[in-house]
Amino acid sequence: MTDASTTADPADDTGDAPRDFIRDIVHGDLEAGKHAGVVTRFPPEPNGYLHIGHAKSICLNFGIAEETGGRCHLRFDDTNPAKEEQRYIDAIQEDVRWLGFDWGEHLFHASDYFEQLFQWAEHLIGQGLAYVDDQSAEAMRESRGTLTAPGTNSPFRDRTPEENLELFQAMRAGDFPDGARVLRAKIDMAAPNINLRDPVLYRIIHAPHPRTGDAWSIYPTYDFAHGQSDALEGITHSLCTLEFEDHRPLYEWLIENLPVPSAPKQYEFARLNLSHTVLSKRKLIQLVEDGHVTGWDDPRLPTLAGLRRRGVPPEGLRAFIRQIGVSKVDSVVDLAMLNAALREHLNRVASRRMGVLRPLKLVIDTWPEGEVDWLDAINNPQDDTAGSRKVPFGRELWIEQDDFMEDAPRKYFRLTPGQEVRLRYGYLVTCTDVVKDADGNVIEVHATHDPDSRGGNAPDGRKVRGTIHWVSAEHGVAAEVRLIDHLFTSEQPGAGGADPLDDLNPAALEVLTGCWLEPALADATPAASGGETVQFERLGYFTADPDGSPASPVFIRTVGLRDTWAKVAAKGAS
RNA sequence: UGGGGCGUAGCUCAACUGGUAGAGCACCUGGUUUUGAUCCAGGAGGUUGUAGGUUCGAGUCCUACCGCCCCAGCCA
C-alpha cells in the first residue's frame, strides 16, 4: 500500500499555495520589503447571511494571511444601522469559523472607530476639504451631473470651516432630522469619475445601532469609513471586488489628506458568480423574506448556512474556491465545478452506507424464513483505516425500483428475469418471478440465491456485471430523504433584466418518503451539528437533516454521484 | 458622445522580463472494478475579440476598432 499522504492532489487544499495576480502583488511587496508583514481583512456588512461568493473573499484574505505568516482581521462594516442587525453579526462569525478560519484577537467593527472618524472629518473641515451641504437628496442628485455632463457646485460649498464645524457638531448632537444635511468632501464637481464629485462622508440617521445604540445620529459612509478603518488596523492589502475600482481614487484621496497611521492599498478582483443560482444579497434576502425558501439555511440556497445544512464539507468548499482562481474577469462558474470539487473530497473521506430511496420488495425464496446473516461491509474502500460494519441480510429486502426492469435493454446489468446480480456485500441472486398488482405494476420481485456466494463473491469465479444496493426489510430504518437540485432552471437567473423568480426551479427540492436505510444510519447527527456526510452507495452523498429526529429521520442529499448510466439511458431513450 | 475595467478551449483559470498556447471542470474512447462510483490510459476541442503595425519571432509591445461589465444611493 502506498502512503496516501505523500500523493500530490491538486484538489486538496493542503497542497501548494495557489498563485494569482493578487498573491503576485503581495509576494512582490514582501520581497521588496514594503511591509514587515501582510495584514488583510474580511469586511462583511452585517445585513444578511454569508454566501459562497463571500467564501471566495474569505479564502483569499485569510488564505493570503496564512500563506505569508501574516494576519487577517474580521471587521464588520457596520456603518448603516438602518440595515444591520446583531443576529447577522453572530451568524457571520459562525460561518467564517465553520469555513475553517480564525481571526484570533482581531475582531473589529467600523463602529469601533466612530470617534476617530468623526475627528478626522473635523480635520478635513479644518483643511477646507469638507463641507456641510443642506441640499436635499434630490437637489444633490441633480447637481451631480450625469455620466457625460459635469456637476455643478452646491450653493453651500463655500461655507467657512468655522461654520462647517459648528453645523457638523450640531449634526452629531442630533439637532437635525434624517436627510436634512450631509457632510461632503470638497473635491471636484466636474471630475469624470463621479465618485470624486464631492462624495458624501456622513449622513444623519436616527436609528439604534446594534453596537453603539443611540450614541450617534450621524454615520460615516462606506467610502469614509472603510479606508480609514484599514489604515487604523494597519491593513497592507485591502482586497475588494471590481465594483469598487472607481472608488480607489477616493480611497487614496482620503488616505493622503488625513493623518492616518498607515497607507493601505486597495486591489480589486472579480466577485464569484455561480450558474443556476443567485449571489446578490438583495435577491437572497428576497427569497428568504418572501418565503420562496424556508430560511437562510435552506439547503437549496448558496448561503454558507444552507451549504452546511446540505452536508457540504468546508474542505470541499475551500477546494472549490481554490480551483476557480482569482482574476479580474467577470465570469460565471458552472455549478458542475462545485459538485466535482465536493465529490472529489467526499469520495476520499465519506463513510459508505446503504439506503433505498424508492423501495421495491425483493423476496429470496431460497433463503430460510427468519434467518438473519450479519455481513461485513467496508466503510470506505478509499480509506483502509475506516474499518467495516455489520449489515443484516434476510429473506426480504428492499431494493431500488430503478434496479429492476421486467423488459430490460441489452446493456442493463441490474435485476431482470433470468439475470444474476450481486447484492452489495451480500449474495448473488437470480430473478425468477415478479408479482404485479391489478394495474400491472411490479410490486414484488422473487429470486433465488447462491448460498456459496456469501459476501458477494462468485464461488466459481463467474462474472457478475451488476451490483445493487439493498436494505433488510426486517431491520431497515424508515426515513424521509430530500433531494436537492438547482434553485433556478436557467444558468443565469435574472439575466437581461428578467425576474429571476420566473426561473425558480419547482423541482429544486424533491421529498421522498417511505425510504429505507441500513441500521447504521439510525441516530445520525446532521453535518450542520458536527455530524458526518456519508455516501449512500450508488446514490450520492447525504447527511441527516435537523428537521428529522431519531424517531423519524430525515436525510438530505449533498450531491449525487457521477451517473454515466443516466446518460446512456437518456441516449437510448431519445 | 464621460470615467473605470475586462476579452486565451464549452466553463473557470495558467503561460517570468516577446521564443512552438497548458491545466482543472465538462465531453468522448478504452481498461480496471463487489458502487454503471472511484481509479488508470487515451481523445476531441484554440486563426489567444477583430484588423493593422514593430520584430527573425507577438497571447505578451504599439495603433485603431468591436464586444461585455461597473459607476449618476444620504447602500456596501
Side-chain angles (χ1 to χ4, degrees), chain A residues 10-11 18-20 24 43-45 47 77 79-80 82-83 133 135-137 140-142 144-151 178-184 191-197 199-205 218-219 221-223 225-226 240-249 268 270 272 275 281-282 323-341 343-344 347-348 352 354 378 381-382 411-414 422-426 428 453 455-458 464-469 491 535-540 560-569:
Chain A
R19 284 316 274 265
D20 50 63
D24 287 345
E45 182 191 11
N47 69 341
D77 233 329
T79 57
N80 187 353
K83 295 187 174 180
D133 195 342
Q135 288 187 107
S136 67
M140 269 182 60
R141 191 185 319 123
E142 281 164 26
R144 186 151 32 229
T146 67
L147 294 178
T148 53
D178 285 9
R181 287 172 223 261
V182 293
L183 182 75
R184 290 228 258 173
N193 179 344
I194 292 180
N195 291 298
L196 263 19
R197 319 241 263 231
V200 171
L201 267 24
Y202 267 91
R203 71 282 212 208
I204 298 168
I205 301 174
I218 56 172
Y219 292 89
T221 55
Y222 164 84
D223 285 311
H226 201 94
C240 62
T241 43
L242 254 26
E243 65 269 29
F244 293 101
E245 249 169 339
D246 285 346
H247 292 245
R248 194 172 62 230
E268 310 86 11
L272 169 65
S275 73
K281 240 185 223 179
R282 209 199 95 247
Q323 285 166 27
I324 59 173
V326 180
S327 75
K328 299 190 70 158
V329 185
D330 185 21
S331 57
V332 181
V333 176
D334 195 326
L335 199 56
M337 243 191 265
L338 205 213
N339 291 337
R343 287 188 194 109
E344 200 282 335
N347 176 55
R348 283 181 291 133
R352 269 60 170 176
M354 290 197 284
I378 292 167
Q382 311 288 322
K411 287 185 283 188
Y412 186 82
F413 309 143
R414 289 114 93 155
R422 171 182 300 105
L423 293 170
R424 179 75 158 159
Y425 295 127
L428 300 179
S453 63
N457 303 298
V464 178
R465 257 327 274 278
T467 299
I468 66 175
H469 59 277
E491 264 186 48
Q535 183 192 102
F536 287 8
E537 295 216 25
R538 306 209 301 137
L539 298 174
L561 255 30
R562 266 185 77 227
D563 188 356
T564 49
W565 169 251
K567 284 180 204 163
V568 174

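Just so you know, these numbers come straight off a predicted model, no measurement behind them. Naming convention: chains lettered A, B, ... in sequence-line order (proteins, then strands); numbering from 1 in each chain. Values below: all heavy atoms of this structure, side chains included; hydrogens, waters and symmetry mates excluded.
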Counting heavy atoms from C-beta on, name the nucleotide in [options] closest to the side chain of [X].
| X | options | answer |
| --- | --- | --- |
| A:Arg144 | B:U35, B:A72, B:U12 | B:A72 |
| A:Gln382 | B:A37, B:C75, B:C6 | B:A37 |
| A:Ala336 | B:A76, B:A26, B:C13 | B:A26 |
| A:Leu561 | B:C11, B:U35, B:G4 | B:U35 |
| A:Glu245 | B:G5, B:U38, B:C75 | B:G5 |
| A:Lys567 | B:U33, B:C74, B:C28 | B:C28 |
| A:Arg141 | B:U12, B:C6, B:A72 | B:A72 |
| A:His247 | B:A26, B:A76, B:U35 | B:A76 |
| A:Arg562 | B:G2, B:A76, B:A37 | B:A37 |
| A:Tyr222 | B:G5, B:A76, B:A26 | B:A76 |

By the 4.0 Å heavy-atom rule, please label [X] as base, sugar-phosphate, or nothing.
| X | value |
| --- | --- |
| A:Lys411 | base |
| A:Tyr412 | base |
| A:Tyr219 | nothing |
| A:Gly456 | base |
| A:Ser136 | base |
| A:Val182 | base |
| A:Val464 | nothing |
| A:Ala137 | base |
| A:Asp246 | base |
| A:Pro44 | nothing |
| A:Asp223 | nothing |
| A:Val568 | nothing |
| A:Gln535 | base |
| A:Ile324 | sugar-phosphate |

In terms of the nearest nucleotide of RNA chain B, which residue is placed more toward the 5' end: A:Asp330 or A:Asp77? A:Asp330

Taking atom [atom1] in both [N] and [M], what distance in whole Å separates the two?
| N | M | atom1 | result |
| --- | --- | --- | --- |
| B:G31 | B:G36 | C1' | 15 Å |
| B:C25 | B:C16 | P | 24 Å |
| B:G49 | B:G42 | P | 30 Å |
| B:G67 | B:A51 | C1' | 15 Å |
| B:A44 | B:U1 | C1' | 47 Å |
| B:A26 | B:G45 | C1' | 11 Å |
| B:U8 | B:G46 | P | 15 Å |
| B:A9 | B:G59 | C1' | 14 Å |

On a heavy-atom basis, which atom in A:Thr79 and which in A:Tyr222 lie closest, and how many Å separate them? OG1-N, 4.4 Å

Distance, rounded to the nearest Å, where [X] contributes [atom1] and [N] contributes [atom2]:
| X | N | atom1 | atom2 | value |
| --- | --- | --- | --- | --- |
| A:Met337 | B:G24 | CE | P | 12 Å |
| A:Glu491 | B:A26 | CD | C1' | 12 Å |
| A:Asp334 | B:C13 | CG | C1' | 14 Å |
| A:Glu142 | B:C74 | CD | C1' | 15 Å |
| A:Phe536 | B:G36 | CZ | C1' | 20 Å |
| A:Ile205 | B:A76 | CD1 | C1' | 12 Å |
| A:Leu242 | B:C68 | CG | P | 17 Å |
| A:Asn80 | B:C74 | CG | P | 12 Å |

Between [X] and [N], is there a side-chain N or O to OP1/OP2 distance below 4.0 Å?
| X | N | result |
| --- | --- | --- |
| A:Thr79 | B:A76 | yes |
| A:Thr564 | B:A37 | yes |
| A:Lys328 | B:C70 | no |
| A:Arg184 | B:G73 | no |
| A:Arg282 | B:A76 | no |
| A:Arg465 | B:G36 | no |
| A:Ser327 | B:C6 | no |
| A:Arg197 | B:G73 | no |
| A:Arg19 | B:C16 | no |

Is there ring stacking between A:Trp565 and B:G36, where the centres must be under 5.5 angstrom apart and the planes under 30 degrees? yes

Name the pairing partner of [N], where a pair is Watson-Crick or G-U wobble with both distances under 3.5 Å, or state none.
| N | answer |
| --- | --- |
| B:A26 | none |
| B:G52 | B:C62 |
| B:C6 | B:G67 |
| B:C39 | B:G31 |

Side chains of [X] and [Y]: closer than 4.5 Å at any heavy-atom pair?
| X | Y | result |
| --- | --- | --- |
| A:Ile205 | A:Ile218 | no |
| A:Met140 | A:Asp133 | yes |
| A:Leu272 | A:Ile324 | yes |

Return the orientation label for the A:Trp565 and A:Phe413 ring planes: parallel under 30°, perpendicular over 60°, tilted otherwise. tilted

Going through the checks in order, is the salt bridge (Lys or Arg N to Asp or Glu O under 4.0 Å) test met by A:Lys83 and A:Glu45? CA-CA 9 Å; A:Lys83 295 187 174 180; A:Glu45 182 191 11; 6.0 Å; no

Please state whether the base of B:U35 and the side chain of A:Arg352 form at least one donor-acceptor pair under 3.5 Å? yes

Looking at the angle O4'-C1'-N9-C4 for a purine or O4'-C1'-N1-C2 for a pyrimidine, is B:G73 syn or anti, with syn meaning within 90° of 0? syn

